[in-house]
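Everything below concerns the one structure shown next.
Below, chains carry the letters A, B, ... as their sequence lines are ordered, and counting in each starts from 1. Here the structure is a predicted model, which means the values were calculated and not measured. FYI, side chains are in, hydrogens and waters are out, and symmetry mates aren't considered; it's all heavy atoms of this structure.
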Amino acid sequence: MIEEKSQNFIEEIIEEDLKNHKYTQIITRFPPEPNGYLHIGHASSICLNFGLTKKFGGYTNLRFDDTNPVTEETEYVESIKEDVKWLGFEWGNELYASDYFETLYKYAIQLIQEGLAYVDDSSSEEIASLKGTPTEPGKNSPFRDRSVEENLEFFTKMKAGVFPDGTKTLRAKIDMAHPNMLMRDPVLYRIKHAHHHRTGDKWCIYPMYDFAHGQSDSIENVTHSICTLEFVPHRELYDWLIEKLRIFPSKQYEFARRNLTYTITSKRKLLQLVNEKFVDGWDDPRMTTISGMRRRGFTPESIRDFCERIGVAKRENLVDMGLLEFCVRDHLNKIAQRRMAVLDPVKLILINYPEGQVEEVMSENNPEEENAGGVRPLFFSRELWIEREDFMEVPAKKWFRLAPGAIVRLKSAYIVKCEGFKKDDKGNITEVHCSYIPESKSGSDTSGMHVKGTIHWISVPHAGIAEVRLYDRLFNVENPAVDDGDFRTHINPDSLRIIKKAYIEASLKEATAGEKFQFIRKGYFTLDKYSTPELPVFNRTVTLKDTWAKESKK
RNA sequence: UGGCCUAUAGUAUAAUGGUAGUACAACAGAUUUUGGUUCUGUCUGUCUUGGUUCGAAUCCAGGUAGGCCAACCA
């Protein structure tokens, strides 16, 4: 029996179109402007567009909407390509709106010839003041009724570079009283004597988004042009142009952009965070950019899973960051190699373990895999580093880690009993003293003892050293994007904590970039780009779910 | 004195005129050499008022609430 999986509204439309033989194959496109790095919101759009053609047959183009040379750069083009590939998608064609500048120019001439566009000498302020408001109609420009010949002559001269920036525009001749503001003679072309990242200095007039996007879709025979809700009013203009130009009718469908708690997905604001050094570049692990998440240790699988789970709809939304964390834990749990690392060390001395003795114990690499993913050796000795938080001088209720008189298992090694501890003048614990139970060794335990707690450890003489970076949310309010002042005032000052000297087990010294680890009981980690052979630097992707942290707050 | 879009548990999303379901979160328990994982169970929902209908989350009308539209940005 085939399980009926519910479809989103766009999938339903496509299925219907296919059933009615409206199209034989589906063509979509992902159309970023190369003026910033991709973020989690784009991931949602990428998964949707590429996922649709994967599911229904066809292909998805990667098209850069590069119609504004002032803000666009090749660096962004490269990062976008890398991110889409990393997410696991292959585009049908790599295209640029700037590839169509010649065609678009011809379209503009066509409109002028048919009396549907005119050259306006008004300044941007004048255009704005004649535009009206959402509740009041606009007024016609004094240049609206120029002859076709005059329009043709001026537009040709605009292209030839005769006029300075801002002195003339080409406008569509539609209706200045139209209830849709976008239909009130929208600007089609503007003069910009600017260098374009691909066409260089060939052009000094550039089409507006509204005169490029829809036609680009049409030129590419895009069947389903999917975008976010704020473009709903543009659809009317998009359809008007397609009709007047008599070109392939791509259809636009809009969905609600995805918002995530405690994050910002505005390229402008992300750029601000980068420029004002609140973060370490676009790929800072605290950023929900694709590159930031990659550096942080997210997997493409987990991001795709997240996008799948949040779905596609048309209503306003604010998705809980907890779901993203669930998705990455879910995947990492299956694939991450278990390792031991002590982040905040305190020394544990086994008072009945012979001085100088060293033995090897075996520990499983991943209990989720068959045969526990194999085992690796760990050195065990008399002096060990353990986590400071795993000892409590005065145990809390339901505490089952170390405390005076308590017993606990050292993961993959022996059961130990706490016999005492040492403090310095300030009252800080400096040493924990335990006796070990020789017959309790993992794998050959004949002690018959039962312990509730198991803790991780690192042998003092065998410990490696690493830097560990712990991240918290970048903003301390759920929705930092709401316009009640400067979003920067919501930045969490404690979003990054660097541990300069953490102790790691020997095998971690050979960690390579991209490998995923679970530091047992501490979370998932991956190597940062600042790692060196001398000093590995680990990023914490996400903590483990911590039921005790919740319990202890009660 | 406008046009357009939207409204289902805390969050996100199904149910396409016929039993309001799923996931995350929360809570309780079982298992566990990670207070992880896994498993079991519990809690919580159709914005509102009418109408159509044998029957409405679904269709219609009014209301309410939220969002988008007045860049030579995309």
Open item on the list: Without decimals, in angstroms, what is the distance between Phe326(A) CZ and rU37(B) C1'?
Closed with: 11 Å
Task: N/O (side chain, Lys550(A)) to phosphate O (OP1/OP2, rA26(B)) under 4.0 Å - done: yes
- [ ] Can you check whether any acceptor in the base of rU13(B) is under 3.5 Å from a donor in the side chain of Arg315(A), or vice versa?
- [x] no
TODO: Rounded to whole angstrom, note down the P distance from rA9(B) over to rA14(B).
DONE: 13 Å
Task: Value in whole Å for how far the P atom of rG2(B) lies from CG of Asp175(A) - done: 18 Å
TODO: For the side chain of Ser6(A), starting at C-beta, report the closest nucleotide among rU38(B), rA14(B), rC72(B).
DONE: rA14(B)
- [ ] Using distance alone, with no hydrogens and no angle criterion, decide if Asp305(A) and His331(A) have a side-chain donor and acceptor under 3.5 Å apart.
- [x] no
- [ ] Specify the separation, in whole Å, of atom OH of Tyr37(A) and atom C1' of rA74(B).
- [x] 19 Å
TODO: Could you verify whether a donor N or O on one side chain and an acceptor N or O on the other, from Tyr238(A) and Ser225(A), lie under 3.5 Å apart?
DONE: yes
- [ ] Could you tell me the separation between the CZ atom of Arg29(A) and the P atom of rA74(B), rounded to a whole number of Å?
- [x] 15 Å
- [ ] Answer yes or no: does atom NZ of Lys441(A) have more than 12 heavy-atom neighbours from other residues, nucleotides or ligands under 6.0 Å?
- [x] yes
TODO: Nearest whole angstrom, please: distance from the P of rC73(B) to the CD1 of Ile191(A).
DONE: 12 Å
Task: Separation of rC72(B) C1' from Glu125(A) CD (nearest whole Å) - done: 10 Å
Open item on the list: For the backbone of Glu230(A) and the side chain of Arg257(A), can you confirm whether one donor and one acceptor N or O come within less than 3.5 Å of each other?
Closed with: no
TODO: Using the salt bridge (Lys or Arg N to Asp or Glu O under 4.0 Å) rule, take Lys251(A) and Asp17(A) through it: C-alpha gap first, then chi angles, then the decisive distance, then the call.
DONE: CA-CA 11 Å; Lys251(A) 288 285 179 196; Asp17(A) 288 345; over 6 Å; no
Tabulated below should be each protein N or O lying under 3.5 Å from an N or O of nucleotides 66-70 of chain B; please produce it.
from    : atom 1 : to        : atom 2 : distance (Å)
rG67(B) : O2'    : Glu316(A) : OE2    : 3.2

Task: Residue pair Leu271(A) / Trp282(A), side-chain heavy-atom distance below 4.5 Å - done: yes
Task: His234(A) side chain near Tyr209(A) side chain, heavy-atom distance below 4.5 Å - done: yes
- [ ] Mind calculating the distance between CD (Glu308(A)) and P (rA14(B)) to the nearest angstrom?
- [x] 11 Å
- [ ] Taking atom C1' in both rU32(B) and rA25(B), compute the distance separating them and give it to the nearest angstrom.
- [x] 23 Å
Open item on the list: At less than 4.0 Å, is any side-chain N or O atom of Arg268(A) found next to OP1 or OP2 of rC73(B)? Yes or no.
Closed with: no
Open item on the list: Measuring only the P atom in each nucleotide, how far is rG67(B) from rU46(B)? A whole number of Å is fine.
Closed with: 23 Å
TODO: Could you check whether Thr228(A) gets within reach of a base, just the sugar-phosphate, or nothing at all, counting any heavy atom under 4.0 Å?
DONE: nothing
Open item on the list: Pairing donors with acceptors under 3.5 angstrom, does anything connect the side chains of His213(A) and Arg29(A)?
Closed with: yes
- [ ] Would you classify rA15(B) as syn or anti? Syn applies when the glycosidic angle is within 90° of 0.
- [x] anti
Under 3.5 Å, which protein N or O atoms sit close to an N or O of nucleotides 32-35 of chain B? Give each pair with its distance.
from    : atom 1 : to        : atom 2 : distance (Å)
rU33(B) : O2'    : Lys411(A) : NZ     : 3.4
rU33(B) : O2     : Ser412(A) : N      : 3.0
rU33(B) : N3     : Arg409(A) : NE     : 3.4
rU33(B) : N3     : Ser442(A) : OG     : 2.2
rU33(B) : O4     : Arg409(A) : NH1    : 3.1
rU33(B) : O4     : Ser442(A) : N      : 3.3
rU33(B) : O4     : Ser442(A) : OG     : 2.4
rU33(B) : O4     : Gly443(A) : N      : 3.4
rU34(B) : O2     : Gln518(A) : OE1    : 2.9
rU34(B) : O2     : Arg521(A) : N      : 3.0
rU34(B) : N3     : Gln518(A) : OE1    : 2.5
rU34(B) : O4     : Arg338(A) : NH1    : 2.3
rG35(B) : OP1    : Arg521(A) : NH1    : 2.8
rG35(B) : O2'    : Trp548(A) : N      : 3.3
rG35(B) : N7     : Arg401(A) : NH1    : 2.5
rG35(B) : O6     : Phe400(A) : N      : 3.1
rG35(B) : N1     : Lys398(A) : O      : 2.9
rG35(B) : N2     : Lys398(A) : O      : 3.3

Open item on the list: In dot-bracket form, 5' to 3', how is RNA chain B paired? Count Watson-Crick and G-U wobble pairs only if both distances fall under 3.5 Å, and write | where the partner sits on another strand.
Closed with: .((((((..((((....[..)))).(((((.......)))))....(((((..]....))))))))))).....
Open item on the list: Using a strict threshold of under 4.0 Å (side-chain N to carboxylate O), is an ion pair present between Arg63(A) and Asp99(A)?
Closed with: no
Open item on the list: Taking the P atom in each of rA28(B) and rC68(B), what is the distance between them to the nearest angstrom?
Closed with: 40 Å
Task: Between rA12(B) and rG50(B) - P atom distance, rounded Å - done: 28 Å
Task: Plane angle bin for Phe525(A) and Phe519(A) - parallel if under 30°, tilted between 30 and 60°, otherwise perpendicular - done: parallel
Task: P spacing across the pair rU11(B) / rU48(B), given as an integer number of angstrom - done: 15 Å
Task: Rounded distance in Å - CZ (Phe306(A)) to P (rU13(B)) - done: 11 Å
- [ ] May I ask you to say what Ser123(A) touches in the nucleic acid, namely base, sugar-phosphate or nothing, with a heavy-atom cut-off under 4.0 Å?
- [x] base
Task: Whether Arg338(A) side chain and Gln518(A) backbone form a donor-acceptor pair below 3.5 Å - done: no
TODO: Please tell me which of Tyr524(A) and Val232(A) maps to the more 5' nucleotide of RNA chain B, matching each residue to the nucleotide holding its nearest heavy atom.
DONE: Val232(A)
Task: Whole-Å C1' distance, rA26(B) and rU6(B) - done: 28 Å
- [ ] Indicate whether any N or O donor in one side chain lies under 3.5 Å from an N or O acceptor in the other, for Glu505(A) and Ser363(A).
- [x] no
Task: Check: Tyr206(A) and Arg190(A) side chains under 4.5 Å, non-hydrogen atoms - done: yes
Open item on the list: Distance check, C1' atoms only: rG45(B) and rC24(B), in whole angstrom units.
Closed with: 16 Å
Task: Given rC72(B), rA25(B), rU13(B), the nucleotide with the shortest approach to the side chain of Ser124(A) - done: rC72(B)
- [ ] Determine the contact category for Lys192(A): base if any of its heavy atoms lies under 4.0 Å from a base atom, sugar-phosphate if only primed atoms, P, OP1 or OP2 are that close, otherwise nothing.
- [x] sugar-phosphate
- [ ] For Asp320(A) and for His213(A), locate the closest nucleotide of RNA chain B by heavy-atom distance; then report the residue assigned to the nucleotide nearer the 5' terminus.
- [x] Asp320(A)
Task: Side-chain touch Trp457(A)/Leu348(A), heavy atoms, less than 4.5 angstrom - done: no
- [ ] Return no unless some side-chain N or O of Arg258(A) is found under 4.0 Å from OP1 or OP2 of rU13(B).
- [x] yes
Open item on the list: Using the side-chain heavy atoms of Asp330(A), tell me which of these nucleotides is nearest: rU6(B), rU38(B), rC24(B).
Closed with: rU38(B)
